[in-house]
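These notes concern the structure reproduced below.
Here is how names work: the chains are called A, B, and so on, in the same order as the sequence lines, proteins then strands, and each is numbered from 1. Computed over heavy atoms, backbone and side chain alike; hydrogens, waters and symmetry mates excluded.
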2 protein chains.
Amino acid sequence: MQTDKMSDHGDVATTDLKDKKKTGAAPSKRRMESRRKLLAAARTLFIEKGYHGTRPQDISKLAGVGHGTFYLHFTDKLACFLAFANEACDELGSFTQAHMKPNSTPMEQLREVIAGVVEYSNANPGVLSAALTNTNVLTVEEVKTSSPMERWSKNWADLIVRWRDEGVWNEDQDDDADPLFIGHLIVGAIGQGLAYGYLYNIESNKLIDDITRSLMRSMNGEV
Amino acid sequence: MQTDKMSDHGDVATTDLKDKKKTGAAPSKRRMESRRKLLAAARTLFIEKGYHGTRPQDISKLAGVGHGTFYLHFTDKLACFLAFANEACDELGSFTQAHMKPNSTPMEQLREVIAGVVEYSNANPGVLSAALTNTNVLTVEEVKTSSPMERWSKNWADLIVRWRDEGVWNEDQDDDADPLFIGHLIVGAIGQGLAYGYLYNIESNKLIDDITRSLMRSMNGEV
DNA sequence: CCCCCAAGATGACATTTTGTCAATTATTAC
DNA sequence: GTAATAATTGACAAAATGTCATCTTGGGGG
């Protein structure tokens, strides 16, 4: 620990299986099951106790596997946290994807996606506020462009491009901002918007409406 | 460690002097100097290595004080991190305050504040991305309403109220959203906006313009 | 069905990190 | 200058992290 070897927490967006030689051997069922239990336990504990308050020990115990097994799957607590955050980000992505209604106005589509986020957040309390975070706090080594928030921003950027292609925007604009930039703004705003809603106990529908309206305006769409 | 005593990381927004009996005795000059050195070292290391990669040991050594001194000032690494984050938040507050030009339009004022944030961020690389973070990741015990981002959101809410009082907004609105809500959105958007600017090397003036324009729109002001 | 063996899991142990406190040094009040 | 108090220190104790020799499991071949 604290040795100066270049650490390898960057294997995040893909599999996170710690070792996995170049041999394309499929990970066995048994191995995958251990990993699944560990990640489930990690999720519970990171949400309940935070990063600081959670020990690899506790994760193994809750997962019902031996202590050493933890280190077969993750190099350390940080790698485990990043795996958790990425898993949550993917889950959120699929969940909101399923909320898309293809043939509607951008306003309605936007509202649907945000409703999806809020619904996911209600169904999985604490997950987003723990996972959808700037992982810079924890480490500066991670490949920044594959952090969960960064990936989610890209999803939004894609959506915005699609909307623009469909020509549904106001046209009196000379300043089409970079979709990726807008994506970042949206992600930041949603993250804080959810935090606000949670902290001050805002009713879901009001929260969805307010976030939708503000974002719609910031993108210069029709409200 | 991991004992079940109720831990006390909540003394954050105020002094963070770990003990400080009820006697209103002023902290001695010597004590304050130790604390200052510790916080300076903590800032350097948290930015350089992240939370995970920084040990209390390292902070004491870099600060040039004995190892035990660290624990005289902070209960643990988490308390130290929160003190750092709060200090940075206050610094940012003062810095942007100084950027306010009283007799100008909201648009100009908004731009000035954002320019202040960007300037601060350039002058103090890494500080905001480390400090202006959702501290939920690290701990769930902190009194949420006094987290750095929460406090910054309140500053923004005050500003928005002032602007509204001055009657500079569009009036064709039936939906004046809660200023505190807008404050949160702004803080989230700025945080991610800065991350974007840093990650993709956006020129400062363009970044300031883009953030300003988007936020102005989201608040339904004149662009 | 049973034997074999390699992937996987385990937990005792070694290492590293965190936290405490009796002893020491600096500061302040008189 | 001296006594009383505040602050610091680092050796040591407690706890967490990480390793690895050994054991277990499950699936393929006979």
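- When the shell of 6.0 Å around NZ of B/Lys37 is examined, it contains more than 12 heavy atoms from other residues, nucleotides or ligands.
- Salt-bridge annotation for A/Lys206 and A/Asp210: present, with a side-chain N of the basic residue lying under 4.0 Å from a carboxylate O of the acidic one.
- The CD-C1' distance, from A/Gln57 to C/dT16, rounds to 14 Å in whole Å.
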Show every donor-acceptor pair shorter than 3.5 Å between a side-chain atom in residues 186-195 of chain A and any protein atom, with sequence neighbours excluded, or say none if there are none.
none

Taking only nitrogen or oxygen atoms into account, show me every contact under 3.5 Å that the protein makes with nucleotides 8-11 of chain C, one pair per line with its distance.
from   : atom 1 : to      : atom 2 : distance (Å)
C/dG8  : OP1    : A/Ser28 : OG     : 3.1
C/dA9  : OP1    : A/Ser34 : OG     : 2.1
C/dA9  : OP2    : A/His73 : NE2    : 3.4
C/dT10 : OP2    : A/Gly66 : N      : 2.4
C/dT10 : OP2    : A/Thr69 : OG1    : 2.7
C/dG11 : N7     : A/Gly68 : N      : 3.3

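- In this structure, OH of A/Tyr71 is placed 17 Å from P of C/dA14, rounded to the nearest angstrom.
- Summarising the local packing, CD of B/Gln97 is surrounded by 12 or fewer heavy atoms from other residues, nucleotides or ligands at distances under 6.0 Å.
- If you measure from atom NZ of A/Lys61 to atom P of D/dA15, you get 14 Å, rounded to the nearest angstrom.
- The CG atom of B/Asp58 sits 12 Å away from the C1' atom of C/dT18 (whole-angstrom rounding).
- Put simply, CG on A/Asp76 is 12 Å from P on C/dT17, counting in whole angstrom units.
- Checked for salt-bridge contact, A/Glu33 and A/Arg30 miss the test: no charged N lies under 4.0 Å from a carboxylate O.
- For A/Phe84, the ring-ring contact (aromatic ring centres under 6.0 Å, His included) criterion is met by A/Phe46, A/Phe81, not counting sequence neighbours.
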